[in-house]
Amino acid sequence: MRTAEVSRKTKETGIDLKLSLEGGPVEVKTGIGFFDHMLTALAFYGGLGLSLTVEGDLEVDGHHTVEDTGIVLGQAMKEALGDRKGIRRYASAYIPMDEALCFTALDFSNRPFLVFDAEMPQERIGSYESCLTEEFMRAFAVNSGLTLHMKALYGKNAHHITEALFKSLGVAIKEAVEITGTGVTSTKGVL
């Protein structure tokens with residue numbers, strides 16, 4: 001089973017996460033409603049089982065909660081992938097949401113990098129600061145060993161843009177972590 005359990009406690013957040021690359025129930029509680037919605041969509045479209053509870057310093061703002069969740073989800077993804085033998089490794093997805101169109105391309109290369117090109121027309125989506133999407137994606141990419149490129153081709157609504165980004169990430173993850181062989185997908189023989 002490709003699973004992982006990660007807990008992380010700091011002065012700013014307390015996070016408990018269980019992840020299964022083989023699917024399962026999705027339960028997310030971060031204290032930020034829109035972020036819960038995005039993580040639920042990511043897990044659903046990624047075919048992931050996810051149990052996540054976060055207690056963060058939301059009296060300050062949502063930054064620590066969102067970034068630290070990205071860190072822990074990335075650590076869990078890295079652990080669940082193990083030696084990465086047999087995975088497809090690369091994937092990409094275009095996802096439309098109303099007027100917005102977003103694209104994600106990724107490589108579970110064990111060489112973390114983020115290119116994020118998505119302007120947010122509104123600063124807030126409910127209690128969620130739209131600039132935090134990039135912070136989450138960076139933390140997730142760095143901690144999972146993921147090369148991640150994301151682009152909003154167009155869109156006028158930050159909710160739609162953000163949701164299309166999270167869904168495109170999920171769709172691409174589902175394809176990239178699929179077992180398609182027995183060896184490591186690399187001319188080097190290791191990831």
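Not measured: the values here are computed from a predicted model.
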Practice task
Consider only side-chain N and O atoms of Tyr90 and Thr185, and report whether a donor and an acceptor are under 3.5 Å apart.
Solution key: no
Problem - Contacts of Glu175 that satisfy side chain to side chain contact (heavy atoms under 4.5 Å, CB included) - sequence neighbours left out - result: Arg88, Ala91
Fill in the blank from the handout: So ring pair (Phe, Tyr, Trp, His ring centres under 6.0 Å) across residues 91-117, not counting sequence neighbours, yields Tyr94-Phe103
Exercise for the section: Check side chain to side chain contact (heavy atoms under 4.5 Å, CB included) between Ala158 and all other residues, then give those that pass, not counting sequence neighbours. Expected result: Met120, Pro121, Gln122, Ile125, Ser130
Practice task
Identify whether the distance between the nearest side-chain nitrogen and carboxylate oxygen of Lys167 and Glu163 falls below 4.0 Å.
Solution key: yes
Practice task
Assess the side chains of Thr3 and Ser20: does a donor N or O sit below 3.5 Å from an acceptor N or O?
Solution key: no
Practice task
Take Leu17 and Glu5, measure what side-chain contact (heavy atoms from CB on, under 4.5 Å) needs, and give me the verdict at the end.
Solution key: CA-CA 6 Å; Leu17 183 147; Glu5 292 186 30; over 6 Å; no
Practice task
With sequence neighbours excluded, give me every salt bridge (charged side-chain N to carboxylate O under 4.0 Å, His left out) pair touching residues 116-134.
Solution key: Asp117-Lys151, Glu134-Arg138
Practice task
Run the numbers on Thr65 and Thr30 for side-chain hydrogen bond (donor to acceptor under 3.5 Å, both in side chains), then give the verdict.
Solution key: CA-CA 7 Å; Thr65 294; Thr30 68; over 6 Å; no
Practice task
Tell me, with the steps shown, if Ile161 and Leu165 meet side-chain contact (heavy atoms from CB on, under 4.5 Å).
Solution key: CA-CA 6 Å; Ile161 292 167; Leu165 289 168; 4.1 Å; yes
Handout entry: Distance-minimising heavy-atom pair for Thr13 and Gly56
Key = CG2-CA, 4.0 Å
Exercise for the section: For His160, check side chain to side chain contact (heavy atoms under 4.5 Å, CB included) against everything at least two apart and list the hits. Expected result: Met97, Asp98, Glu99, Ala100, Asn157
Exercise for the section: Start with the C-alpha gap between Phe166 and Tyr45, add the side-chain angles, then the distance that decides, and say whether ring pair (Phe, Tyr, Trp, His ring centres under 6.0 Å) holds. Expected result: CA-CA 9 Å; Phe166 273 88; Tyr45 288 100; over 10 Å; no
Problem - side-chain contact (heavy atoms from CB on, under 4.5 Å) assessment of Glu79 paired with Val6 - result: CA-CA 9 Å; Glu79 182 180 327; Val6 179; 4.1 Å; yes
Practice task
Could you tell me whether the side chain of Val184 reaches within less than 4.5 Å of the side chain of Arg84, counting heavy atoms only?
Solution key: no
Exercise for the section: Please report the closest heavy-atom contact between Ser168 and Met150, naming both atoms and the distance. Expected result: OG-CE, 4.4 Å
Fill in the blank from the handout: Scanning both residues in full, the closest heavy-atom pair of Ala172 with Ala93 reads N-CB, 4.2 Å
Practice task
Kindly give the heavy-atom pair with the smallest separation between Ala80 and Leu19, and that separation in Å.
Solution key: CB-CD2, 4.4 Å
Practice task
Please determine if Arg89 and Asp107 form a salt bridge, counting it only when a charged side-chain N lies under 4.0 Å from a carboxylate O.
Solution key: yes
Exercise for the section: Could you check Leu106 against His149 for side-chain contact (heavy atoms from CB on, under 4.5 Å), going step by step and ending with a plain yes or no? Expected result: CA-CA 6 Å; Leu106 56 78; His149 290 245; over 6 Å; no
Exercise for the section: May I ask you to check whether Asp16 and Thr53 show a side-chain donor-acceptor distance below 3.5 Å? Expected result: no
Exercise for the section: List the atom of Leu39, the atom of Leu50, and the distance in Å for their closest heavy-atom pair. Expected result: O-CD2, 4.3 Å
Handout entry: Note, Met77 side chain near Leu146 side chain (heavy atom, < 4.5 Å)
Key = no
Problem - Thr104 side chain reached by Leu148 side chain, heavy atoms, under 4.5 Å - result: yes
Completion exercise
By side chain to side chain contact (heavy atoms under 4.5 Å, CB included), Ser127 pairs with (sequence neighbours left out) Ile32
